[in-house]
Amino acid sequence: MSSVRVRFAPSPTGPLHIGGVRTALYNYLFARKHKGTFILRIEDTDQVRYVPGAEEYIVESLGWFGLIPDEGPGFGGTYGPYRQSERKELYQSYASKLLESGHAYYSFDTPEELDQQREKDPTFKYDSHSRKILKNSLSLSPQETSDMLETSQHIAVRLKVEPGEKIEIHDQIRGTVIFDSTELDDKVILKADGMPTYHLANIVDDALMQITHVIRGEEWLSSTAHHMLLYRYLGYTPPAFAHLPLILKPSGQGKLSKRDGATFGFPVFPLTWHGEGEIFDGFREAGFLPEAVLNFLSLLGWNPGTEQELFSLSDLINAFSLDKIVKSGARFDFEKAKWFNQQYIIQTPDEVLAKIISAKVEKLYGFYSMEYLSGVCKHMKERVHVVDEIISSGRFFFEEVSSYDNETIIKKYKIENRVFFEKIALLIAQDVLTAEENVKSYILQESLKMGEILPVIRIAISGSMQGPDLFQSMQLLGGEKSSNRIISAIKKFDAVVASAK
Ligand code: GLU
């Protein structure tokens with residue numbers, strides 16, 4: 001193993017958004033490419049935003065994609081615990097170090113007092129300027145401070161940001177980004193409940209877990225300025241940074257949000273999430289294969305520099321590099337996701353697809369053997385974009401046809417041909433394996449036209465003109481069932497044609 005160590009560090013504040021999956025994927029690819037270590041760290045220090053079940057959801061999602069961490073909660077590793085709530089005391093000791101070295105201070109302002117400041121001035125920031133008139137250990141006397149430390153319910157530790165400094169970040173994707181420390185606020189690093197904020201916990205852990213590269217979403221770039229100060233004040237060398245471009249709405253306007261799934265009618269989460277009073281659809285439940293979703297996500301923000309679009313996970317590991325990540329936002333195109341899924345469905349063995357659809361088929365239509373289901377998948381897989389469409393578009397394999405393409409029937413079916421259809425049904429019942437040959441020679445023998453007979457049989461069998469090969473479908477259904485379907489359909493077609501006259 002090389003020294004490369006990367007982490008995926010989600011906060012369990014709800015289901016993992018598809019953008020989070022992309023972050024996990026890029027971290028995983030980078031780790032594998034460099035024979036390094038991929039770590040899962042659960043950043044659960046925000047008790048207010050904590051959502052039960054979210055961590056399990058994250059782990060299940062990574063498992064579905066096969067992005068298995070080398071270290072993490074439940075995955076082993078020697079840098080644990082990997083859940084930040086279990087490292088509380090550790091962060092407190094780092095906050096104390098910063099207090100001792102004068103890089104942090106105590107503040108005692110109540111939330112109401114801070115709200116009042118914001119009301120007075122909407123651009124209010126707790127910073128080098130405002131801290132002088134606020135309630136903190138820099139503005140109060142030593143005696144007042146120690147009294148507050150005894151009595152206050154609102155003791156927070158804040159980072160002391162000195163104004164007038166240019167903070168440089170060398171981002172592997174965005175180049176050099178410079179922040180002016182005068183613009184930064186004195187971030188809370190330890191809250192009144194004794195829990196660290198994201199900023200402190202994140203950099204302490206990145207340092208202690210010996211993270212070499214931080215690969216995360218662009219929304220964290222601005223926090224990195226504070227992080228640079230924390231690294232310096234604690235005497236650590238910062239890791240390399242790579243901030244990934246945003247994933248944009250299909251229109252290209254604005255960031256793809258978790259509500260966009262419902263707005264646009266496609267999933268933006270890997271697995272369906274049942275939260276309190278809300279359900280978010282998942283790619284898995286919508287009939288997507290994990291490999292297809294990964295391939296789709298890999299290209300949202302990363303450009304291999306060639307025309308190649310289909311990448312297996314091992315292809316991605318070989319081809320991946322941070323310098324091919326683009327700076328601009330990547331538009332989420334659901335049609336493209338479906339195209340990828342279609343390619344992967346075609347490549348997937350029939351037996352594997354059969355296993356995926358079996359439970360749903362059983363629930364809807366009762367038990368079918370794996371052999372039969374594999375047959376259905378074989379005939380249907382080239383025609384679908386999502387796995388469930390094998391069931392919906394291929395439902396004639398599981399139930400009798402209940403509605404027919406009457407428009408075509410009116411054009412093609414002639415009542416006087418009824419006797420020929422009855423004979424054809426008989427031929428099919430006699431031997432479905434040779435039915436194609438027998439039926440076609442019978443049509444020729446009776447001087448009928450293929451175009452007036454075969455479409456009618458197709459509609460009798462499947463209800464519509466679309467669908468897999470007619471004779472192969474009949475073989476799977478069986479000769480007798482196919483024959484019965486034709487007989488019962490032509491009775492209905494007689495009525496349809498009669499009433500159309
Ligand atoms: N906990 C942050 C999140 O939820 C992690 C950001 C980072 O990777 O530093 O995305």
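Both ligands and their constituent atoms are indexed starting at 1 by order of listing.
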- Message: For E165 and R232: C-alpha separation, side-chain torsions, deciding distance, then whether salt bridge (charged side-chain N to carboxylate O under 4.0 Å, His left out) applies.
- Response: CA-CA 13 Å; E165 191 197 331; R232 192 198 311 153; 2.4 Å; yes
- Task: Please say whether A9 places an N or O atom under 3.5 Å from an N or O atom belonging to ligand 1.
- Result: yes
- Does S312 reach the main-chain N or O of D315 with its side chain, forming a donor-acceptor pair under 3.5 Å? yes
- Item | Check: M209 main-chain N/O paired with R5 side-chain donor or acceptor under 3.5 Å | yes
- Task: Determine, using heavy atoms of R7 and all atoms of ligand 1, whether some pair is separated by less than 4.0 Å.
- Result: yes
- Answer with side chain, backbone, both or neither: which part of W220 has a heavy atom less than 4.0 angstrom from an atom of ligand 1? side chain
- Top protein contact for atom 4 (O) of ligand 1, by heavy-atom distance: S11 OG, 3.1 Å
- Query: Hey, is N202 touching ligand 1 through its side chain, its backbone, both or neither, going by heavy atoms under 4.0 Å?
  - Reply: side chain
- Message: For atom 1 (N) of ligand 1, what is the closest protein heavy atom, and at what distance to 0.1 Å?
- Response: E43 OE1, 2.6 Å
- Message: Rounded to the nearest 0.5 Å, what separates atom CD in E43 from atom OG1 in T13?
- Response: 11.0 Å
- Message: Can you tell me if E150 has over 12 outside heavy atoms packed within less than 6.0 Å of its CD?
- Response: no
